[in-house]
Every structure is written in C-alpha cells, then in structure tokens.
Amino acid sequence: MTEPDQLRHRVRQLIRSMGPQREFAAAIGLDQTKLSKALNGTRRFSPHELVRVAEYSGVTVNWLLNGSDDAKTVTAVPAPTTSRPSDPDEAAHSEPRRRILETAWRLIAERGYHRVRIADIAKACGTSTAAIHYHFPTKTEVLDEALRRNVKLAFDRQVAELHAVAGAHDRLLKLVELQLPTDGLLRAEWSVWLQVWNEVALDPRLRSLYTDSYDRWYRTILMTIRTGQEQGVFRLADPEAATAQLTALIDGLGIQVLTGRPGSTVGAMRAHLHDFIDRSIVQGA
C-alpha cells in the first residue's frame, strides 16, 4: 500500500469510529464532495485539512502520514509529557473533552488566563461546571492542557506543511512563516504562550512542562539548521548558537507585535528574521 493509500485508509478508520462521513466533513470544515474525492484519491488533502482531521480526531498529522506519533519526520517530535498518544479507536469518546479544551484555549487566548473562570468555560460549552471538572479537576490543569494543545497544533502544522519540503533553506523560511503571529489561529497560539510565560515566571512547578514544550520548537530549528549544513546551504560554524539566537529573536519580535509596540508588525518581523537567516545562517556571520 502506497503512502497516499495509507493516509486515506487511516482517515477512513477515523470516520468509521466517529460517525457519518457527512458529519465528519462538517466538523473539519470540508465540503463532503471534497472529502469523498480525497478519500478516493482524485484530490489530495491540503495541509490545513490534515491539521483539522488530526485536531478533530485526537491524532497527530504524523500518525496520519506515517502511522506513528514518533515516526521520524522533518520536525522534532513532542516529549511524552507534552502530548497524548494518538488512539483512533477512542476518537469518538474524546469528543466532549476536545470541545471543552478548544473552548478553554480560545477563551484564554481572548481574555487572559486569570480572567477566565471554570464557569465561563462551562457557559461557552453549554454544559455544567461539574462536567468541566470531570475532565480538568483544577484550573491549572486547564492551562497545562492549553499549552499541550499549542504544542500539538504547531507540531501538526509543521509536519503537514514541511514533510514534502526537501531543502533546508526553504524549510527554515517556512518554519518562520508558520510562527508569525498573524491574525487568527497563530495569534491565539501566541497569546496562550504569553499566558504560559507569565505563569511559569511566577510558579516554578510549571517549568518542567514548559521546558519540554519549548524544547520541541528549539530542536526543530536546530535539526533544520544542521540539515542545511549537511546540504551545503548554511555556512555557519555553530548551529546551537544560531538556534539560540534565532529562537530568541522570534520570541522577542513576536512579543513586540502582540503588545503593539509602534512599528512592530508581522511584515517587519518577517523582514528582520529573513535578514538574520541570510546574514548569520546562510552566509555565516
């Protein structure tokens, strides 16, 4: 069975475990006819569609494409502490939890962690506070899971977008693009990260999960830079130093954009990052 065939087989497996195909298509925001064509091989799933399938079904894009959460791919795999294993047989049973987590994550991104109450999450979900506490006994666990969701979203998006990009230079530029705080999902992810950074600075108990979460992003940049050295397109001497500098620059510029510093825009952030990559990584400072 070819890789595209295996992907289609896994999506069909998920649909069988979760209900009618038309409901699955509606849940991932895909026209039913397009879903049918993707399943019979007359069109490809787009990267965005793969991410939505994975998110709705509680699996990873890596599982969809390669049959395993831990399969070697072009981006670093999350640590066990920051992820939940894909289990297609449990997809239907995880729907209430997924819906609660998506709602909590959105509210934290929009309002800030300390302005979101369990009662607010329950109201937005149309359920009771007891139902929220069943899945998330404490509010801290809500923030923990919001961070895990950030890690999963980034991992899924990177695997979906980059698995077919062979060149390390193009891959690094794409990683930058996928990290820009553009309006919508990416800006919401950045907002949640800001809440996490604040809480980690105040509560050392959260630092282990945060460190494991951030490490995946750091390792993704590092492995991309090292691949570029092997391909002969990056001329820098110290990949670790370049990774530390680039990730720090992304963090700092992203915070400036989110906090509305005058002159700080997504376009300016992109230009600064491309300039750094060109001067310090491609040419080798």
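For this chain, numbers begin at 1 and follow the sequence in order.
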Say whether, by atom type as modelled, one donor and one acceptor occur between the side chain of [X] and the main chain of [Y] under 3.5 angstrom.
X      : Y      : answer
Asn150 : Glu189 : yes
Arg12  : Leu39  : yes
Asp156 : Val61  : yes
Asp144 : Glu141 : no
Ser86  : Thr60  : yes
Asp212 : Ala79  : no
Ser68  : Trp63  : no
Gln195 : Ser191 : yes
Thr227 : Met223 : yes
Gln231 : Ala166 : yes

Under a 4.5 Å cut-off applied to non-hydrogen side-chain atoms, are [X] and [Y] in contact?
X      : Y      : answer
Ser36  : Gln21  : yes
Phe45  : Leu35  : yes
Val257 : Arg187 : yes
Gln32  : Phe24  : no
Trp105 : Glu110 : no
Val74  : Val159 : no
Val142 : Ile108 : yes

Same cluster or not: [X] versus [Y], using hydrophobic residues (I, L, V, M, F, W, Y) connected whenever any side-chain heavy atoms lie under 4.5 Å apart?
X      : Y      : value
Val266 : Leu175 : yes
Ile100 : Leu147 : yes
Leu273 : Leu178 : no
Val176 : Leu185 : yes
Trp197 : Val192 : yes

Interatomic spacing from [atom1] in [X] to [atom2] in [Y] - rounded to 0.5 Å:
X      : Y      : atom1 : atom2 : answer
Thr247 : Trp217 : OG1   : CH2   : 8.0 Å
Arg171 : Thr220 : CZ    : OG1   : 10.5 Å
Arg148 : Thr81  : CZ    : OG1   : 7.0 Å
Arg99  : Ile121 : CZ    : CD1   : 12.5 Å
Leu186 : Glu177 : CG    : CD    : 9.0 Å
Leu143 : Phe136 : CG    : CZ    : 11.5 Å

Item checked: Test log, rule salt bridge (charged side-chain N to carboxylate O under 4.0 Å, His left out), inputs Glu145 and Arg84 -> CA-CA 10 Å; Glu145 290 303 314; Arg84 291 178 175 271; 3.6 Å; yes
Report, as yes or no, whether the 6.0 Å neighbourhood of atom [atom1] on [X] holds more than 12 heavy atoms from other residues, nucleotides or ligands.
X      : atom1 : result
His274 : NE2   : yes
Lys34  : NZ    : no
Arg207 : CZ    : yes
Gln6   : CD    : yes

Scan side-chain atoms only and decide if [X] and [Y] contain a donor-acceptor pair under the 3.5 Å cut-off.
X      : Y      : answer
Tyr214 : Trp193 : no
Arg216 : Thr75  : yes
Ser280 : Gln245 : no
Glu199 : His114 : yes
Asn40  : Thr42  : yes

Item checked: Listed once per pair and sorted, the salt bridge (charged side-chain N to carboxylate O under 4.0 Å, His left out) pairs that draw on residues 238-262, sequence neighbours left out ->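 Listed once each, the pairs are Arg226-Glu240.
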Shortest non-hydrogen separation from [X] to [Y] and the atoms involved:
X      : Y      : answer
Arg106 : Ala124 : NH2-CB, 4.3 Å
Pro239 : Gln229 : CG-OE1, 3.0 Å
Ile221 : Leu172 : CD1-CD1, 4.0 Å
His135 : Arg97  : ND1-CB, 3.5 Å
Ala109 : Ala188 : CB-O, 3.6 Å
Ile225 : Thr243 : CD1-OG1, 3.6 Å

Margin query: I need the single residue from Leu249, Thr182, Ile250 that forms a side-chain contact (heavy atoms from CB on, under 4.5 Å) with Met269. Which is it?
Written below: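 Answer to the side-chain contact (heavy atoms from CB on, under 4.5 Å) test with Met269 among Leu249, Thr182, Ile250: Ile250.
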Check: Among Val200, Thr82, Val151, Val196, which residue meets the side-chain contact (heavy atoms from CB on, under 4.5 Å) test with Leu209?
Finding: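 Looking at Val200, Thr82, Val151, Val196, the match for Leu209 under the side-chain contact (heavy atoms from CB on, under 4.5 Å) is Thr82.
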Note to self: Closer than 4.0 angstrom, basic N to acidic O: yes or no for Arg279 and Asp275?
What the structure shows: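 A salt bridge links Arg279 with Asp275.
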Next item on the list: Output yes when Glu161 and Arg157 qualify as a salt bridge under the 4.0 Å nitrogen-oxygen rule, no when they do not.
Entry: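 No, Glu161 and Arg157 are not salt-bridged.
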Note to self: Using salt bridge (charged side-chain N to carboxylate O under 4.0 Å, His left out), reason through Glu102 and Arg98 one step at a time and then give a plain yes or no.
What the structure shows: CA-CA 6 Å; Glu102 281 192 3; Arg98 181 197 64 80; 2.7 Å; yes
Notebook entry, point to check: Can Lys123 and Asp120 be said to form a salt bridge (charged side-chain N to carboxylate O under 4.0 Å, His left out), step by step?
Noted result: CA-CA 5 Å; Lys123 181 179 179 181; Asp120 297 326; over 6 Å; no
Margin query: If the condition is ring-ring contact (aromatic ring centres under 6.0 Å, His included), which residues does Tyr113 pass it with, not counting sequence neighbours?
Written below: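 Counting only residues at least two positions away or on another chain, Tyr113 forms no ring-ring contact (aromatic ring centres under 6.0 Å, His included).
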Margin query: Test salt bridge (charged side-chain N to carboxylate O under 4.0 Å, His left out) on Glu49 and Arg43; report intermediate values, then the result.
Written below: CA-CA 12 Å; Glu49 290 164 3; Arg43 70 178 291 271; 3.0 Å; yes
